[in-house]
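For reference, the structure is listed below as structure tokens.
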Amino acid sequence: MQGTKSRTVNSIGMFDMLKGAGMLAVVLAHTAENYSLQTGGGLSLTAFFPFIFRESLMAAFYIASGYGFRKRSIGKCVQQQLKTLLKPYCFTAVLTTLLHFIVHYRCFGYLPGSVSATVQVGGGFLLGLPHTAAYFGQQFFSAGPMWYLLALLVGWVLLNTLLNIFPENYQHYAVLGTALLGWGASLVWEVPFCLIQGAVVTPYLYIGYLAKKHRWMERPLSQRTLGLLLGCCVVILGAALVTRTTDCISLAEWSLGPVSILLDGAVGYLFIRLFLRLSRGGGVIVRFLEAVGRRSLHIFCIHTVELIAIPWYLFAARFVDRPVTGLLLQYLISLASIWLVCALLQLRRDLMIKFFPARRKSPRTRYTARH
């Protein structure tokens, strides 16, 4: 990795290409769910095949997040995660709920129905639901892609707690036990606030933490490790085709039970190694994907707003006889709207910096900030 170490290893932007490609794939997968393209065997080209390795990609995102993990006191970790992740979650929840009411009332002109549906959306955000579920005799919709942020918050706090409580020799077992506990809870109860998902993704964060600690990213994969990871890919593909189901963290569904959780983590690590290798070459495509990846949090939030607030099923109904055309057109519209809002946010940031420059820090403040 000579000549590229400063760009890819132990740097802030080393996972930007992965995040960028992942964001484009996530938007495409969510778009494809509105359109039906069936194979001769009855499997959907839009609702099945694009999702076979979906949770491996999600695992790769969590591993990348775990790469920046640092153990700290439990209170400080909770405070940091609430500030970093809960703030954009709440902002997105409020904006999505308001826009959902406005758009649905404009589209259907029925106030009681618009209010009822909006309450279901807002309630889903308040309960932090990763999928549509019923509580207190009332059905609430999911928080959409925002389940990812809540699961990340919960998983980060859980991992930090485990590393503070257990000695190093027992941390592996504690992390695996937490994931098993989350999987077991999913069999008996619809737990709110993405607690199940947070427990299940803890091993992925732990893999990222170990990768940073032991400098795995700086060493090439051995033939044995590469073969094992490729074997995990084959098992995931085979399990999906045999069971005709795909893993889904948000729905708490895994085709091979807890084994699938570990398989997705292994393949997610392989994805990271693949994208790190691809990012070395540079080029227009790499720079484009990295630019998208640097805005991954904004894209998650904006995509949640447009995915939930806009009744895309009305748009898809116009292309029942031309699903490919409708899919591509909706995908382009979604990407264009996301790009536009990202550009406006960047413009706002630039204007704030220009007209409200930060006050010069005193030497004592600069010293405190560094240490």
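Nothing fancy with the numbering, it's 1 onward along the sequence. Just the heavy atoms: all of them, side chains too, but no hydrogens, waters or symmetry mates, feed the values below.
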Test applied, side chain to side chain contact (heavy atoms under 4.5 Å, CB included); reference residue, V200; option that passes from T178, D264, I261: I261

Can you check whether L221's main-chain N or O pairs, donor with acceptor, with T225's side chain at less than 3.5 Å? no

Least distance between heavy atoms, V103 atom then P311 atom: CG1-CD, 3.5 Å

Closest heavy-atom pair and its distance - V154, F193: CG2-O, 3.9 Å

Could you report the tightest heavy-atom contact between I299 and C342, atom names first, then the distance? CG1-SG, 4.2 Å

Could you check whether H100 and T118, counting side-chain N and O atoms only, form a donor-acceptor pair closer than 3.5 Å? yes

Do Y206 and H172 have their ring centres less than 6.0 Å from each other? yes

Can you establish whether the number of heavy atoms outside F136 located under 6.0 Å from its atom CZ is more than 12? no

Tell me whether R72 at atom CZ has more than 12 heavy atoms from other residues, nucleotides or ligands lying less than 6.0 Å away. yes

Would one find more than 12 heavy atoms of other residues, nucleotides or ligands at under 6.0 Å from atom CG of L226? yes

Using only heavy-atom distances, determine whether the side chains of Y135 and E190 contain a donor-acceptor pair under 3.5 Å. no

Interatomic distance, T132 atom OG1 to F141 atom CZ [nearest 0.5 angstrom]: 6.0 Å

Are the aromatic ring centres of Y67 and F15 under 6.0 angstrom apart? yes

Keeping to residues at least two apart or across chains, list the ring-ring contact (aromatic ring centres under 6.0 Å, His included) pairs with something in residues 269-289. none

Taking the side chain as every heavy atom from C-beta outward, state whether L176 and L262 have any atom pair closer than 4.5 Å. yes

Flag, side chain of Q171 to backbone of F166, donor-acceptor distance under 3.5 Å: yes

Rounded to the nearest 0.5 Å, what separates atom CE in M14 from atom OG in S279? 8.0 Å

Within a strict 4.5 Å, meaning less than it, do heavy atoms of the H30 and P145 side chains meet? yes

State whether the number of non-hydrogen atoms from other residues, nucleotides or ligands found under 6.0 Å of Q139 atom CD is greater than 12. yes

Assess, by modelled atom type and distance only, whether the side chains of W254 and E55 contain a donor and an acceptor separated by less than 3.5 Å. no

Sub-4.5 Å side-chain heavy-atom contact between W339 and I302: no

Consider only side-chain heavy atoms of I, L, V, M, F, W and Y, link residues closer than 4.5 Å, and tell whether V94 and V305 are in one cluster. no

Say whether L251 and Y204 are linked into one hydrophobic cluster, either directly or through other cluster members, by side-chain heavy-atom distances under 4.5 angstrom. no

Go through the steps to decide whether M217 and K212 satisfy the test side-chain contact (heavy atoms from CB on, under 4.5 Å), and finish with yes or no. CA-CA 7 Å; M217 302 299 182; K212 178 68 174 294; over 6 Å; no

Taking NZ, NE, NH1 and NH2 as the nitrogens, is one of them in E290 or R287 under 4.0 Å from a carboxylate oxygen of the other? no

S334 and S337 side chains, donor-acceptor separation under 3.5 Å: no

Quick check on Y110: does its OH atom have over 12 non-hydrogen neighbours (other residues, nucleotides or ligands) under 6.0 Å away? no

Measuring only between side-chain heavy atoms, which start at C-beta, is Y89 closer than 4.5 Å to T304? no

Show, in sequence, the C-alpha distance, side-chain angles and deciding distance for T92 and L149, and conclude whether the side-chain contact (heavy atoms from CB on, under 4.5 Å) test is met. CA-CA 11 Å; T92 302; L149 289 188; over 6 Å; no

Surrounding NE2 of H298 (heavy atoms of other residues, nucleotides or ligands, distance under 6.0 Å), is the total greater than 12? no

Can a donor-acceptor pair be found, under 3.5 Å and without considering hydrogens, that links the side chain of T202 to the backbone of A199? yes

Below 4.5 Å, heavy atoms only, C-beta onward: do S255 and R244 meet side chain to side chain? no

Would L278 and L270 show up in the same hydrophobic cluster when neighbours are defined by side-chain heavy atoms closer than 4.5 Å? yes

When hydrophobic residues are tied together by side-chain contacts of less than 4.5 Å, even through go-betweens, does L28 share a cluster with Y35? yes

Atom of K71, atom of N160 and distance for their closest heavy-atom approach: CA-OD1, 3.5 Å

With side-chain contact (heavy atoms from CB on, under 4.5 Å) as the test, would you mind laying out the steps for W156 and Q80 before giving the verdict? CA-CA 10 Å; W156 197 286; Q80 179 197 43; 4.2 Å; yes

Establish, yes or no, whether a centroid distance under 6.0 Å links the rings of Y62 and Y148. yes

With rounding to the nearest 0.5 angstrom, report the CZ to CG distance, F101 to L111. 5.0 Å

List the steps, then state whether side-chain contact (heavy atoms from CB on, under 4.5 Å) holds for D247 with R54. CA-CA 8 Å; D247 298 340; R54 167 185 55 185; over 6 Å; no

With a 6.0 Å cut-off (strictly less than), is the heavy-atom count around CZ of F108, excluding the residue itself, greater than 12? yes

Whether the side chain of T96 engages the backbone of A93 through a donor-acceptor N/O pair (distance < 3.5 Å, no angle test) should be reported. no

Let me confirm one number: the CD1-CG distance from I74 to N164, rounded to the nearest 0.5 Å. 5.0 Å

Donor-acceptor under 3.5 Å (R318 side chain, G326 main chain): no

For a 4.5 angstrom cut-off between non-hydrogen side-chain atoms, does Y209 reach L205? no

I want to check something: taking the side chain as every heavy atom from C-beta on, are L289 and D16 in contact at a cut-off of under 4.5 Å? no

Does K213 have any salt bridge (Lys or Arg N to Asp or Glu O under 4.0 Å) partners at least two apart in sequence or in another chain, and if so, which? E168

Once rounded to the nearest 0.5 Å, what's the spacing between atom CG of L85 and atom CG of L150? 8.5 Å

If hydrophobic clusters are built by linking Ile, Leu, Val, Met, Phe, Trp and Tyr wherever their side-chain heavy atoms come under 4.5 Å apart, do V292 and L297 end up in the same one? yes

So do F49 and L37 actually touch side chain to side chain, heavy atoms under 4.5 Å? no

Return the CD1 to CD distance between I249 and E253, rounded to the nearest 0.5 Å. 12.0 Å

Which pair of non-hydrogen atoms, one from G198 and one from V201, has the smallest distance, and what is that distance? O-CG2, 3.4 Å

So, for T97 and G122, which heavy atoms are closest and what is the spacing to 0.1 Å? OG1-CA, 3.7 Å

Does atom OH of Y331 have more than 12 heavy-atom neighbours from other groups under 6.0 Å away? yes

